[in-house]
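Letters A, B, ... mirror the listed sequences (proteins, then strands); counts begin at 1.
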There are 2 protein chains.
Amino acid sequence: MSKVESPKNVRNGKSSLDDADARILAALDADARLSMSELARLIGMSAPSVSERVRRLEAAGVIRGFTIDLDTRAIGYQIRAMVRIRPLPGKLHLVERMIQERPEFIECDKITGDDPFLARLVVRSIEEMDDVLEALSEHAVTSTAVIKGTSVKRRLPPL
Amino acid sequence: MSKVESPKNVRNGKSSLDDADARILAALDADARLSMSELARLIGMSAPSVSERVRRLEAAGVIRGFTIDLDTRAIGYQIRAMVRIRPLPGKLHLVERMIQERPEFIECDKITGDDPFLARLVVRSIEEMDDVLEALSEHAVTSTAVIKGTSVKRRLPPL
DNA sequence: GTTGAAAATAGCACGAA
DNA sequence: TTCGTGCTATTTTCAAC
């Protein structure tokens, strides 16, 4: 009889994560500085195996990098906001460059809908927020929503 | 004459980062898995000193944790969207719980303005997106903007 | 994917600026 | 206090299987 393929490597169209990979990703998402030997213990494999899997996940582009979760408030940026930005006609690229050059915009997505940009802004004070938005006001209409709290902290989707 | 305090430790009200701390954070943001010895080389200090500084940055809550930057598309989540969610009267907490229990919502902020929640959604297909939004539709009004691209990748604000 | 050995690293105590 | 040195335990890496 013909062999039925196990579901291990066919969970999605692209990078074929198996259970071990999924557990590695979850563990590294929780603590990216785990040593390979500790990670290996958690996964129940040898360190070289786990190390090679991490290397492959990086090479495959699944892991784009290892980074820190920084509390911007702890370094003085007391206010966070989400800003929708609608450049005036002909100002799309100018405005995009302005966003990129303002380091207080720590993230910006290009989205569908009336407002082409949705950016995450951190500032030390209301005055600084006004400065940033004022600078854009000549070239774009903005809608700012201050972040009051977090319902879901960054997490991985189901693997 | 009285001693003038150097600007090293007074850059903000809270955690007093000096230049070394700032460079450590920038280096770890770029690669959180740098060894302490490598990091020490980059910063120009001894490994124990740098190690102690990292420990303190964690203890101070500046570094909340070390994590991975995962490419959700590489694991099959082809579509990303930002969803504004306005619960119907009396449904605020119910809707918040629903968001939290849907793992495809990988991030959700509580914001000021007409829509109390702004969530990041990843899905494998339009059908899955419809499922998620449909589940909410009984208790909330949603506005969905598909993410077409990124203008600013997550980065640190000025330190 | 595992094992085992060599090189690199981390963590600790202690001393110096 | 904050940083550097020297020690030991752990970890990483590479080879062979």
Quick one: R53(B) CZ to dG4(D) C1', roughly how many Å, whole number? 13 Å
Could you state the CG-P distance from D18(B) to dT2(D), rounded to the nearest angstrom? 9 Å
Pair R154(A) + E107(A), salt bridge at N-O below 4.0 Å: yes
Can you tell me if CD on E58(A) sees more than 12 non-hydrogen neighbours from other groups inside 6.0 Å?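 Count over threshold, so yes.
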Can you tell me how far CD1 of I24(A) sits from CE of M45(A), rounded to the nearest 0.5 angstrom? 6.0 Å
Just to be sure I understand the geometry, which residues of residues 27-40 of chain A put a non-hydrogen atom under 4.0 Å away from DNA chain C?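 Hits under 4.0 Å, by residue number: none.
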Residue pair I79(B) / S125(B): nearest heavy atoms and the distance that separates them: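 Taking every non-hydrogen atom into account, CD1-C, 3.6 Å.
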Which listed nucleotide ([options]) is nearest to the side chain of [X]?
X: M45(A); options: dG6(D), dT13(D), dG1(C); result: dG1(C)
X: R56(B); options: dT11(D), dG4(D), dT2(D); result: dT2(D)
X: S46(B); options: dG11(C), dT2(C), dT5(D); result: dT5(D)

Does R55(B) put a side-chain nitrogen or oxygen below 4.0 Å from OP1 or OP2 of dG11(C)? no
Hey, does the side chain of S51(A) come within less than 4.0 Å of dT12(D)'s phosphate (OP1/OP2), counting only N and O?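 False: S51(A) side-chain N/O out of range (4.0 Å or more) of dT12(D) OP1/OP2.
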If only side-chain N and O atoms count, and only distance matters, is there a donor-acceptor pair under 3.5 Å linking T67(A) with D69(B)?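 No pair is found: no donor N or O on one side chain lies under 3.5 Å from an acceptor on the other.
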Contacts table for residues 47-54 of chain A: side-chain donor-acceptor under 3.5 angstrom, sequence neighbours left out:
from, atom 1, to, atom 2, distance (Å)
S49(A), OG, S46(A), OG, 3.1
E52(A), OE1, R55(A), NE, 3.1
E52(A), OE2, R55(A), NH2, 3.0
E52(A), OE2, R56(A), NE, 3.3
R53(A), NH1, D18(A), OD1, 2.8
R53(A), NH1, D18(A), OD2, 3.1
R53(A), NH1, D21(A), OD1, 2.9
R53(A), NH2, D18(A), OD2, 2.9

